[in-house]
Amino acid sequence: MWGFSMNMNTNNFGEINIDENKIIVFSDGILGFESLKRFTIIKTDDSIPLYWLQAIDEDISLPCIDPLNFFAEYTPVISEEDMIHLGVSDESDLVVLNTVVIREQPFCATTNLAAPIVINTVNNQGAQIVIQNSDYNVREPLVQMKEGSDNADIDKVDR
Amino acid sequence: MLILTRLIDEKIVINDEIEISIVEIDGDKVKIGIDAPKKYKIMRKELLEEIKSANIEASMASTENINKLNLFLKNAKENKKSDDI
């Protein structure tokens with residue numbers, strides 16, 4: 001199969017090489033960035049549980065987490081319509097990420113559990129899906145502080 | 001914008017597909033019932049606005065704050081590891 005890759009200059013990661021096979025198409029865009037349809041996932045450091053959803057047609061990148069690393073019991077229900085939209089035939093083909101708002105104080109970072117980024121790894125189609133009828137927050141604290149302690153308690157960081 | 005006056009239990013039909021009814025009025029709260037095919041995503045607009053602003057904020061992280069969070073997460077992970085031993 002013919003494949004191509006391209007180079008792109010980014011503010012956060014310098015010059016990056018994007019493999020065609022790793023381009024994820026968000027046909028509906030992402031709220032706030034509706035015009036951007038093509039993204040790729042960047043992981044800068046294996047020891048840090050942070051992923052970046054980098055747009056290809058403009059230098060925009062959104063930090064994300066794998067929710068299982070932080071919220072073990074997080075189980076968003078994705079509607080049948082959204083599954084069809086993403087062309088999902090097997091739920092295990094899905095990757096779920098949650099965007100993170102990074103603040104000046106690291107422990108003030110929040111993550112959006114109400115509208116995860118969902119990617120079908122078989123056809124590289126993605127969407128930000130609003131989970132219906134849930135109590136998930138758009139700004140859930142990323143780490144829970146132990147009372148009276150300076151140390152953050154992370155339940156389960158990927159090991 | 002089209003503005004219609006409705007009484008409780010009266011309905012509005014859009015395109016023979018969507019039915020909107022006024023279910024209950026209590027002070028400044030109005031309960032609205034919507035019957036629509038599942039292909040229509042029905043959401044509270046504030047939620048979409050909230051998601052949009054969280055996305056935009058997520059994209060604006062400064063290098064300095066990214067580095068601080070990276071370090072924080074790395075340390076948290078290492079602490080976690082040493083706790084496990």
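Every value quoted in this text rests on a predicted model; they were computed, and no experiment measured them.
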Check each atom of B:S53 against the heavy atoms of chain A and say whether the ones under 4.5 Å are side chain, backbone, both or neither. both
Between A:P63 and B:A58, what is the shortest heavy-atom contact and its length? CD-O, 3.1 Å
Quick check on the hydrophobic clustering: are A:I131 and A:V138 connected, directly or via other members, by side-chain heavy-atom contacts under 4.5 Å? no
For the side-chain contact (heavy atoms from CB on, under 4.5 Å) test, which of A:V143, A:I48, A:L142 pairs with B:F72? A:V143
Say whether A:V122 and A:I24 are linked into one hydrophobic cluster, either directly or through other cluster members, by side-chain heavy-atom distances under 4.5 angstrom. no
Quick one: pull up OG in A:S79 and NZ in B:K41 and give me the separation to the nearest 0.5 Å. 7.0 Å
same_hphob_cluster(A:V25, A:V118) at 4.5 Å side-chain heavy-atom cutoff: no
Can you tell me how far OG1 of A:T99 sits from CD1 of B:I56, rounded to the nearest 0.5 angstrom? 11.5 Å
Residue from B:L47, B:I42, B:I51 scoring the most non-hydrogen pairs under 4.5 Å with chain A is B:I51
Which atom pair, heavy atoms only, marks the closest approach of A:Q132 to B:M43? NE2-CE, 3.6 Å
Measuring from B:K74:NZ to A:L50:CG, what's the distance to the nearest 0.5 Å? 12.5 Å
Given the rule that I, L, V, M, F, W and Y join up when any side-chain heavy atoms are under 4.5 Å apart, are A:F71 and A:I129 in one cluster? yes
Side chain from CB out, backbone as N, CA, C, O: work out which of these in A:E104 comes under 4.5 Å of a heavy atom of chain B, or both, or neither. both
Taking atom OG1 of A:T44 and atom CG of B:N70, what is their separation to the nearest 0.5 Å? 5.5 Å
As a quick check of understanding, evaluate side-chain contact (heavy atoms from CB on, under 4.5 Å) for A:F107 and B:L69, giving each step before the final call. CA-CA 8 Å; A:F107 52 80; B:L69 182 65; over 6 Å; no
A:S47 OG to B:N75 CG distance, which is reported to the nearest 0.5 Å: 10.0 Å
For the candidates A:I84, A:N11, A:I60, A:V100, which exhibits the highest count of non-hydrogen atom pairs separated by less than 4.5 Å from chain B? A:V100
Taking atom CD of A:E91 as the centre, does the number of heavy atoms from other residues, nucleotides or ligands within less than 6.0 Å exceed 12? no
Show, in sequence, the C-alpha distance, side-chain angles and deciding distance for A:V130 and B:L48, and conclude whether the side-chain contact (heavy atoms from CB on, under 4.5 Å) test is met. CA-CA 9 Å; A:V130 182; B:L48 294 181; 4.2 Å; yes
d(A:L62 CG, B:M60 CE) to nearest 0.5 Å is 10.5 Å
Does the pair B:N65 and A:R103 meet the rule for a side-chain contact (heavy atoms from CB on, under 4.5 Å), with working shown? CA-CA 6 Å; B:N65 292 344; A:R103 303 190 177 282; 5.9 Å; no
With a 4.5 Å heavy-atom cut-off (strictly below), which parts of residues 27-40 of chain A touch chain B? List them by number. A:I30, A:L31, A:G32, A:F33
Are A:N112 and B:E50 linked by a side-chain donor-acceptor pair shorter than 3.5 Å? no
same_hphob_cluster(B:I34, B:I3) at 4.5 Å side-chain heavy-atom cutoff: no
Within 6.0 Å of CG in A:D45, more than 12 heavy atoms from elsewhere: yes
Non-hydrogen atoms of B:A54 and A:V101 that approach each other most closely: O-CG2, 3.5 Å
Which one, B:E49, B:K39, B:K68, leads in non-hydrogen pairs under 4.5 Å with chain A? B:K68
